[in-house]
Amino acid sequence: MNSCNPLNSVKICIAEALAQISKVAVEDIVKNVEISREEFGDLTILLPRVGLSPEYCREAIETVRNCRFVSEARCAGIYLNIVLNKTLFTDTTFEFLVRCKDSYGIYKEPNPKRIVVEYVSANPLHPLHIGASRNAALGQFIANILKTAGNIVQTRFYINDVGRQVALLTLGMMQLESIEPPNNTKPDHWVGLVYAITNVIAEIMSLKKKLVEALRDEEREEIQRELDELLVDASRLRSQAPDVFDRVAEKLKNIDIEEEVSRIMKLYELGNPDMKSFVRKIVTMCIEGFKQTLTRFGALIDVWDWESDLVWSGEVEEVVKKLEASPLTMVYKGALAVDLGQLAKDLNVRNRLAIDRDLEIPPLIIRRSDGTTLYTVRDIAYTLKKFREFNADKVINIIASEQKLPQAQLKLALYLLGYTREAENLVHYSYEIVAMEGTKMSSRRGRIVTLDEILDTAKQKALAELETRGNRSEELAEKIGVAAVKFYLLSISPSRPMKFSWKLVLDFEKNSAPYLLYTYARTEGIFRKARELELNTEVQELIKIADRGFAENNAKRWRLVKLVASFPEVFYGSYQSLDPSTLVTYALKLADEFNSWYSEEPILLEENEKIRASKILLTYGVKTVLANTLRVLGIEPIEKI
RNA sequence: GGGCCCGUAGCUCAGCUAGGAGAGAGCGCCGGCCUUCUAAGCCGGUGGUCCGGGGUUCAAAUCCCCGCGGGCCCGCCA
């Protein structure tokens with residue numbers, strides 16, 4: 001643990017004392033020292049958990065008193081309740097705060113690793129939508145916290161430009177007179193429009209064909225229903241760009257789309273120069289749009305990887321060859337495949353690769369009948385590249401849970417090919433997808449809520465709020481809006497399926513980034529005001545005169561001291577689990593307590609110089625911790641709102 | 001049919017990994033507080049069969065089993 005961890009120091013002190021009568025190891029006792037409900041004291045130990053039955057209560061009390069932080073100890077059933085020496089604990093917390101300053105509470109990894117974080121990696125077919133936004137927010141947080149803890153982190157974006165979808169988009173673009181986005185249209189939004197138009201037209205054509213061929217009435221009804229739905233999408237898309245829609249529809253009328261898509265895909269994979277430059281041009285347009293949005297969102301990408309490069313360089317082919325030579329090849333659905341299910345029967349392997357015991361693993365088809373490659377196989381080559389190029393100890397893929405199976409296949413395939421180190425150090429960071437309230441989202445139909453519009457709307461809301469307080473600043477509104485969106489996306493545990501709600505993103509009260517930013521700005525305001533009043537704000541000076549006993553008979557001050565003191569543990573826990581929501585919960589709690597205290601008693605107008613020094617130090621603690629929390633969450637604190 | 005995630009107040013969520021003391025926030029609703037360090041704030045009130053049923057345990061929102069409801073996956077898509 002960190003050297004500046006007041007709460008942990010106390011826990012160790014207590015655990016070491018208790019170890020004299022308990023057989024449980026000190027570090028295990030430490031884990032069982034919990035913060036108690038206020039009416040019972042400050043810390044609680046469940047005696048059975050440290051191997052002591054309640055009869056040992058008296059001895060436990062005596063022993064624990066050997067720790068100088070303990071002022072009182074009492075038993076209640078199986079609980080050993082401890083009241084801390086508030087003065088001493090406050091003193092320690094202040095000392096650590098002043099000693100560690102800005103890095104207070106930040107855990108430093110004793111063995112820093114080289115870690116690649118691949119995130120966002122949205123298909124270059126349409127603007128980033130709300131699902132990709134959750135990914136972007138999580139990835140940012142993960143890269144941040146890993147880096148903050150001292151690891152060497154590289155972020156990467158995988159541009160999926162190989163495959164059916166991009167080929168279909170290309171087919172659509174080929175029908176246009178000009179592929180350039182119209183004026184005032186963001187390039188990725190333009191690409192998204194053409195893609196949706198092409199796809200909807202293609203789907204309609206294919207369904208119409210099916211309708212003719214359908215034999216049974218119920219089958220025809222089913223197809224007709226689907227068709228009706230598509231026609232609604234079609235008319236909406238047509239109203240957005242009538243000329244584009246009509247042109248694509250007209251041109252595709254007499255084309256066998258499947259065949260055309262397959263032809264484009266093949267030419268692209270083979271590296272046909274004309275096809276290469278055409279497809280790259282389209283995809284680059286979309287990526288340019290992504291870059292604008294991601295930069296705005298604060299999601300930094302160090303390396304942009306083109307999937308097609310892996311195909312053209314022969315890296316994918318090499319993987320294909322190795323798979324074909326593996327002892328587990330089989331024929332599956334008429335194609336050559338590797339029987340990863342066979343390998344997955346080995347529970348030891350599953351364990352090492354952290355694959356769910358009950359996840360059924362189907363064979364992995366090595367390549368399509370037409371010779372083109374498949375996503376998961378290409379991803380094998382990509383994973384090796386990520387490890388190799390960054391000399392990485394670990395690669396973390398931030399990918400929605402819906403890709404659990406291919407991610408498991410990827411690990412098994414690596415293992416099979418002898419890349420055991422890579423397989424074991426490849427982490428699928430899984431999160432649940434985001435659903436829209438009410439309607440169903442579909443990028444193929446052009447029905448999406450884009451990150452751009454969410455950010456714009458949040459910014460407008462922030463601007464309106466700023467205006468009411470006579471501070472119309474675009475720059476500030478942008479920061480607050482972006483923070484609000486990010487925070488919203490991080491505030492729900494990644495494992496929980498999330499329903500996107502405009503109402504909640506735009507709620508700038510209590511449980512929100514604006515609330516935290518506001519609270520932080522308040523702490524800054526206090527320091528600003530203190531300088532105006534020519535009060536000493538140097539913490540090294542303040543600590544010399546501070547009254548360490550100022551929280552003795554003041555519940556709110558004491559609560560804040562304890563909260564500030566527990567930040568290092570919260571940070572550590574969040575670092576271990578890579579779950580931002582614990583940090584979020586903590587920050588909100590801290591802000592609540594601070595605001596409550598703030599409204600109750602003046603800080604700078606405190607007449608007792610020593611108590612004033614303590615109050616300023618406590619404010620400093622809250623300020624430091626809030627700033628550190630916000631930064632890790634990817635939100636830059638604002639000094640003045 | 002099989003697998004994974006989720007189900008806690010009217011709504012959105014913490015708490016569940018390592019079981020323990022009357023279940024916590026926010027929004028909403030009702031009522032107060034701006035001549036004193038920023039009212040995106042503060043104070044008070046309202047509100048819950050922790051999806052249901054079994055089981056393990058001295059003790060279950062938390063662990064196990066069986067159901068129910070919502071989402072996702074089981075493609076020569078990505």
Side-chain angles (χ1 to χ4, degrees), chain A residues 28 31-32 36-37 39-40 44 46 48-49 76-79 81 121-123 125 158 160 162-166 307 332-337 356-362 365-376 378-379 399-406 430-433 435 462 465-466 468-469 471 480 484 488 491-499 501 503-504 507-519 521-530 532-533 577 581-582 584-586 588-589 591-592 595-606 615 619 640-641:
Chain A
D28 291 323
K31 283 184 204 154
N32 285 298
S36 40
R37 268 169 52 180
E39 60 267 40
F40 298 119
T44 294
L46 278 115
R49 286 208 201 156
I78 55 167
Y79 301 96
N81 291 319
S121 297
N123 290 332
L125 300 165
Y158 190 35
N160 305 118
V162 181
R164 291 216 106 80
Q165 257 72 258
V166 169
E307 191 176 19
Y332 180 69
K333 294 188 180 175
L336 193 64
D356 286 327
R357 176 174 286 256
D358 297 317
L359 185 64
E360 203 179 312
I361 312 284
I365 289 174
I366 299 175
R367 68 164 111 214
R368 291 194 187 91
S369 318
D370 68 0
T372 56
T373 56
L374 284 153
Y375 168 78
T376 306
R378 295 193 295 264
D379 209 6
I399 301 179
S401 71
E402 58 191 353
Q403 291 203 45
K404 202 163 231 179
L405 177 58
S430 160
Y431 63 95
E432 290 294 321
I433 60 162
E465 289 277 346
L466 286 169
T468 63
R469 56 189 72 203
N471 183 11
I480 295 169
Y488 167 69
S491 63
I492 294 167
S493 292
S495 69
R496 181 187 276 268
M498 180 171 183
K499 264 172 262 153
S501 150
K503 185 175 173 292
L504 291 175
D507 181 3
F508 288 3
E509 285 167 50
K510 276 267 183 158
N511 282 352
S512 71
Y515 172 66
L516 291 179
L517 287 171
Y518 180 79
T519 305
R522 254 187 177 168
T523 63
E524 282 286 359
I526 289 164
F527 276 82
R528 200 163 45 239
K529 185 78 179 179
E532 275 172 32
L533 296 173
S577 62
S581 55
T582 51
V584 163
T585 307
Y586 169 81
L588 291 170
K589 177 80 184 144
D592 289 347
N595 284 320
S596 174
W597 177 58
Y598 173 90
S599 70
E600 184 155 296
E601 50 174 340
I603 295 164
L604 300 178
L605 297 180
E606 168 64 54
K615 286 181 169 180
T619 306
K640 194 175 177 183
I641 293 182

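The structure presented is a predicted model; accordingly, all values stated were derived computationally and were not measured. In what follows, chains are A, B, ... by sequence order, proteins preceding strands, each numbered from 1.
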Can you find an N or O donor on one side and an acceptor on the other, under 3.5 Å apart, linking the side chain of A:Arg37 with the base of B:G22?
yes
Select from A:Glu601 and A:Thr519 the residue whose nearest nucleotide in RNA chain B is closer to the 5' end of that strand.
A:Glu601
Would you please confirm or rule out a distance under 4.0 Å between OP1 or OP2 of B:C43 and any side-chain N or O of A:Ser596?
yes
Would you please test A:Lys589 and A:Asp592 for salt bridge (charged side-chain N to carboxylate O under 4.0 Å, His left out) and show each step?
CA-CA 5 Å; A:Lys589 177 80 184 144; A:Asp592 289 347; over 6 Å; no
From the candidates B:A40, B:G3, B:U36, the one with an atom nearest any side-chain atom of A:Asp358 is B:G3
Closer to the 5' end of RNA chain B via nearest nucleotide, is it A:Pro514 or A:Ser493?
A:Ser493
NZ of A:Lys510 versus P of B:A14: gap in Å, rounded?
18 Å
Figure out the CD/P separation between A:Glu532 and B:U36, and round it to whole Å.
15 Å
Which nucleotides of nucleotides 68-78 of chain B have their base under 4.0 Å from a protein heavy atom (B), which only their sugar-phosphate (S), and which neither (-), written as one string 5' to 3'?
--B-SSSSBBB
For A:Asn32, all residues meeting side-chain contact (heavy atoms from CB on, under 4.5 Å), sequence neighbours excluded
A:Arg49, A:Val50
Can you find a donor-acceptor pair, distance only, under 3.5 Å between A:Asp507 side chain and B:A40 base?
no
To the nearest angstrom, the CG-P distance between A:Leu588 and B:G41 comes to 11 Å
Can you figure out which of B:U36, B:C6, B:A14 approaches the side chain of A:Ser495 most closely?
B:C6
Closest approach to the side chain of A:Asn511, judged atom by atom: which nucleotide of B:G26, B:A39, B:A14 is it?
B:G26
Taking atom types as they are modelled, would you say the side chain of A:Arg469 forms a donor-acceptor pair with the base of B:A40 within the 3.5 Å cutoff?
yes
Any Lys/Arg nitrogen of A:Glu432 or A:Arg496 sitting under 4.0 Å from an Asp/Glu carboxylate oxygen of the other?
no
Rounded to whole Å, CD1 of A:Ile492 lies from C1' of B:U8 at a distance of 15 Å
Assign B:C63 to syn or anti; the rule is syn for a glycosidic angle within 90° of 0 and anti otherwise.
anti
Let's see if you can work this out: which of B:C37, B:C13, B:A40 has an atom nearest to the side-chain heavy atoms of A:Glu465?
B:A40
Counterpart residues, side-chain hydrogen bond (donor to acceptor under 3.5 Å, both in side chains), relative to A:Tyr598 (two or more places apart)
none
Taking NZ from A:Lys503 and C1' from B:C11, how many angstroms apart are they, rounded to a whole number?
7 Å
What is the separation between atom OH on A:Tyr515 and atom C1' on B:U12, rounded to the nearest whole Å?
17 Å
How close or far is atom P of B:C37 from atom NZ of A:Lys640, stated in whole angstroms?
14 Å
B:A9: pairing nucleotide in any strand, Watson-Crick or G-U under 3.5 angstrom:
none
A:Leu516 CG to B:A25 P: how many Å, rounded?
17 Å
Does the side-chain ring of A:Phe40 lie flat on the base of B:A21, meaning centres under 5.5 Å and planes less than 30 degrees apart?
yes
